[in-house]
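One-based numbering along the sequence shown. Because only heavy atoms are used, hydrogens play no part in the values below, and waters and symmetry mates are left out as well, while side chains stay in.
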Amino acid sequence: MADFGLYSYQEEVVERALRGENTIIWLPTGGGKTRAAVYVAKRHLETTQKAKVVVLVNKVHLVDQHYTKEFKPHLGYDYKLVPVSGESEEKDFFGKVVQDSDLVICTAQILYNALINTEETKHVELSDITLLIIDECHHTHKESVYNKIMRCYVEKKLRREHPLPQILGLTASPGTGGAKILEKAVEHVLQICANLDSAIVSTKNYAPELKKKVPRPIKTFDIVEKRHEDPFGDHLKWMMQLIHEYMNLPPDVKLRECGTQEYEADVVILEQRGVIVNNRLLAQCALHLRQYNDALLINDTLRMMDAYRSLEEFYITKSDTAIDGTDFFLVGLFQENQVELRKLAMDSHYENPKMGKLESVLLNQFGHGSKESRGILFSKTRKSTHCLKDWVVTTEPYSKLDPGSISLGLATGITYMTQNEQADTIRNFRQGKLNLLISTSVAEEGLDIPECNLVVRYGLLTNEIAQQQASGRARARDSQYSVVAVKGGREERRELTNEYLEELTGKAIAQVQDMSLREFCRKITELQTEAVVTSKVAETRKIEKRSRYAASSIQLLCRNCFKPVASGSDIKLVDNAHYVNVNPDFKRHYRVGGPVILERSFEDWEPGCTINCNNGNCNLQWGFEIKYKKIALLPNLAIKNFALETPDGRTTVKKWKDVLFTVEDFSFEQYCQDTFPDLFD
């Protein structure tokens, strides 16, 4: 192993995998899990007949990263390696790709799609694979795509169907699954082991070497006192109170404190209730209250002007889309107070003290003219990363910084960032052209980012797994891990809780590792059997739920204006992904907006334009048109923008999978016969 450049602790954690055992490698961020996996893959390809290795990742950008940085340099000369993501054409004939390659790196969804696809060029069997490597394998739980793949594996194992691939999981922390006591944490770790059909391994003999290779950063709590006065926030709360009084809250509704996540949860439920009981006043007031609450949350984390602008952006289009007196009241309330809000937001006497503390933390690291300093600032939302970048570039002391802003994942409007832009930002940061990366928690997990002198977690409430991964980014010598928070606030309390949970995770893993092999295997089989039964019961219930009503008995109503616009029987499912309305009369209910631009292309369809309700001023966006097989122009609908009128009353759902009727598959042939009957005479 020495010629491969493995450390002794890496050699120790791969021993059982090299013997063909299913294992989960538990090493901290920066400990070289991926390099260890590359070595296992290399040995497997050298020693296994008809070897076929598949490496699964849970984010698109990790496909190219693992291929370029790890697997290709070590295996690319001797073996055929293929990276496949949703953006690559290879996904359209994935079965053939697996058949013709030695090692494939892909997103988990692509493998799962191939397992359930019956088309020969796309289909893959688990028995086609001899080694399955699962990156960030702590995500193998509940209904995650990792767990769906492993459920296929476990069901085959319990039926004694062979061959099955060897499993190699990689994680910096399996976490405790929300458990606060050791017994429950042990159960969680055992469940992860059962889901992956693997034992969890870590270094026992070379812990000092690992500690030296991955030093812990110096952790600081950079605490500030709460604002003594907050006239901007107080004015927002006063406006919210006026809305409360206007909407005449039902007596059984008790809203919790404004400016909290709990209040947000309350008004989300209140909006749903308004829709269900046909009370548009209640629904619309709840929607607007959520925006005010968002502004309060932003005010607590960022600048007052960021909070003000979030409301201003929301209300820009509202005056043009007012339908009734409720809309006029809500829009009028904001417009009447807009000047005062802006004036308060610009008063620097009451600025967020957390921003001042963040400024001093960054200047302490970057303010000495050191070109070598490099840092990551983690924030909660995509919007907050852009606000923080704007703050950095417009704040005079930061002339030494070259801030990049990365918020991976789908974003819209001002926060949109393409995959290529994200990749460019990461590349520039890696090469030292940027020395401050402002990111959502996506960079906490998996991204190949250079050693940093400073990691700051700002306004974050996350679990112990995310905390450990963020901490692991501060790997330079004497690096600093800073938590900027209000004294006694939720962020400080959560950080302290996570420290305890990190310690609890270690104890739980140690207890699992100390189990006898017989007891461990008995427990794993018991958990697997239970999971399979539970899954089958849940699936049966899901089918029953989808069959509760006939599709023709369901009406779809615009969620904003409540106008009935479609029947459930109009909806068809295209390629198991798109829910479209095939009724040609549906066109009279919507107007077409601007084009939808997607960075990637698709095999059988392309996006068209947005579609919006055309009932008076409503203009609620329902989805967008898709052009299927270059012929069929179909409105693709997001169910969250509709209410469902059922024989037993009105309801709402977030996702199509939760609707209470069966959606039939779209027939392209039938569509062509109905649309172009002359061609079929």
Side-chain angles (χ1 to χ4, degrees), residues 1-44 46-47 55 65-66 69-71 73-75 131 133-138 166-175 189 192-193 196 198-219 444-452 455 464-465 467-479 481 502-515 517 520:
M1 296 189 207
D3 60 326
F4 199 77
L6 292 187
Y7 289 92
S8 299
Y9 69 83
Q10 289 172 306
E11 294 179 2
E12 182 183 7
V13 297
V14 300
E15 280 176 2
R16 291 176 66 175
L18 294 178
R19 296 200 296 265
E21 296 179 37
N22 288 359
T23 56
I24 299 166
I25 292 177
W26 174 46
L27 285 175
T29 301
K33 295 181 293 295
T34 312
R35 182 62 55 84
V38 174
Y39 183 75
V40 173
K42 180 175 183 290
R43 288 288 303 277
H44 183 86
E46 290 169 349
T47 59
V55 182
Q65 177 182 297
H66 282 353
K69 299 282 292 182
E70 294 287 355
F71 286 90
H74 293 98
L75 304 177
L131 173 63
I133 299 172
I134 303 179
D135 189 35
E136 309 293 354
C137 69
H138 50 271
Q166 178 186 346
I167 304 296
L168 178 63
L170 310 174
T171 184
S173 173
V189 173
I192 294 291
C193 290
L196 288 154
S198 300
I200 188 163
V201 297
S202 56
T203 183
K204 302 288 186 187
N205 303 320
Y206 299 98
E209 181 190 51
L210 175 60
K211 194 173 181 180
K212 186 178 178 182
K213 168 70 171 63
V214 190
R216 299 281 289 191
I218 301 161
K219 185 168 186 174
E444 289 174 343
E445 185 172 281
L447 271 181
D448 177 35
I449 306 177
E451 296 178 352
C452 295
V455 167
E464 71 280 7
I465 297 175
Q467 177 181 307
Q468 285 170 255
Q469 287 170 329
S471 173
R473 297 292 161 207
R475 301 205 290 268
R477 190 170 297 281
D478 299 325
S479 57
Y481 172 78
E502 183 179 346
E503 192 178 319
L504 189 64
T505 302
K507 289 178 180 176
I509 291 170
Q511 194 161 313
V512 169
Q513 290 174 333
D514 287 342
M515 293 172 73
L517 180 60
F520 177 77

Heavy-atom closest contact (C452 atom, S479 atom, distance): O-CB, 3.4 Å
Is C193 close to I200 at the side-chain level, that is, under 4.5 Å between some pair of heavy atoms? yes
Hey, is E70 close enough to R35 for a salt bridge, meaning N to O under 4.0 Å? yes
Take atom NZ in K507; do more than 12 heavy atoms of anything else shown fall under 6.0 Å from it? no
What I'd like to find out is whether the side chain of P174 reaches to under 4.5 Å of the side chain of I509, using heavy atoms alone. yes
For G30, is there any backbone N or O sitting under 3.5 Å from a side-chain donor or acceptor partner on K213? yes
The criterion is side chain to side chain contact (heavy atoms under 4.5 Å, CB included); which residues satisfy it with A36, sequence neighbours excluded? V14, I25
Is it the case that the side chain of E209 and the backbone of S8 share a donor-acceptor pair, with hydrogens and angles ignored and the cut-off at 3.5 Å? yes
Would you check if V201 and I24 make a side-chain contact, meaning some heavy-atom pair closer than 4.5 Å? no
Validation row: T23, L168 side chains within 4.5 angstrom (heavy atoms): yes
Donor-acceptor pair, N22 side chain versus I167 backbone, under 3.5 Å? yes
Distance-only polar pair, side chains of S202 and Q513, donor-acceptor under 3.5 Å: yes
List the residues meeting ring pair (Phe, Tyr, Trp, His ring centres under 6.0 Å) with H74, not counting sequence neighbours, and say none if there are none. F4
May I ask you to decide if G31's main-chain N or O and Y9's side chain share a donor-acceptor pair within less than 3.5 Å? yes
Rounded to the nearest 0.5 Å, what's the gap from CG on N205 to CD on E11? Could you check? 12.0 Å
Polar side-chain atom of Q166 near backbone of A17 as donor-acceptor pair, under 3.5 Å: yes
When rounded to the nearest 0.5 Å, the distance separating CZ of R43 from CG of L131 is 13.0 Å
Could you grab the distance from atom CD1 of I133 to atom CG of L170, nearest 0.5 Å is fine? 7.0 Å
Return yes if some donor-acceptor pair links the side-chain N/O of W26 with the main-chain N/O of A172 below 3.5 Å, else return no. yes
Is the backbone of Y7 close enough, under 3.5 Å, to the side chain of Q10 for a donor and an acceptor to pair up by distance? yes
Please check: side-chain N/O of S198 versus main-chain N/O of L196, any donor-acceptor pairing under 3.5 Å? yes
Output the distance between atom OH (Y481) and atom NZ (K219), rounded to the nearest 0.5 Å. 5.0 Å
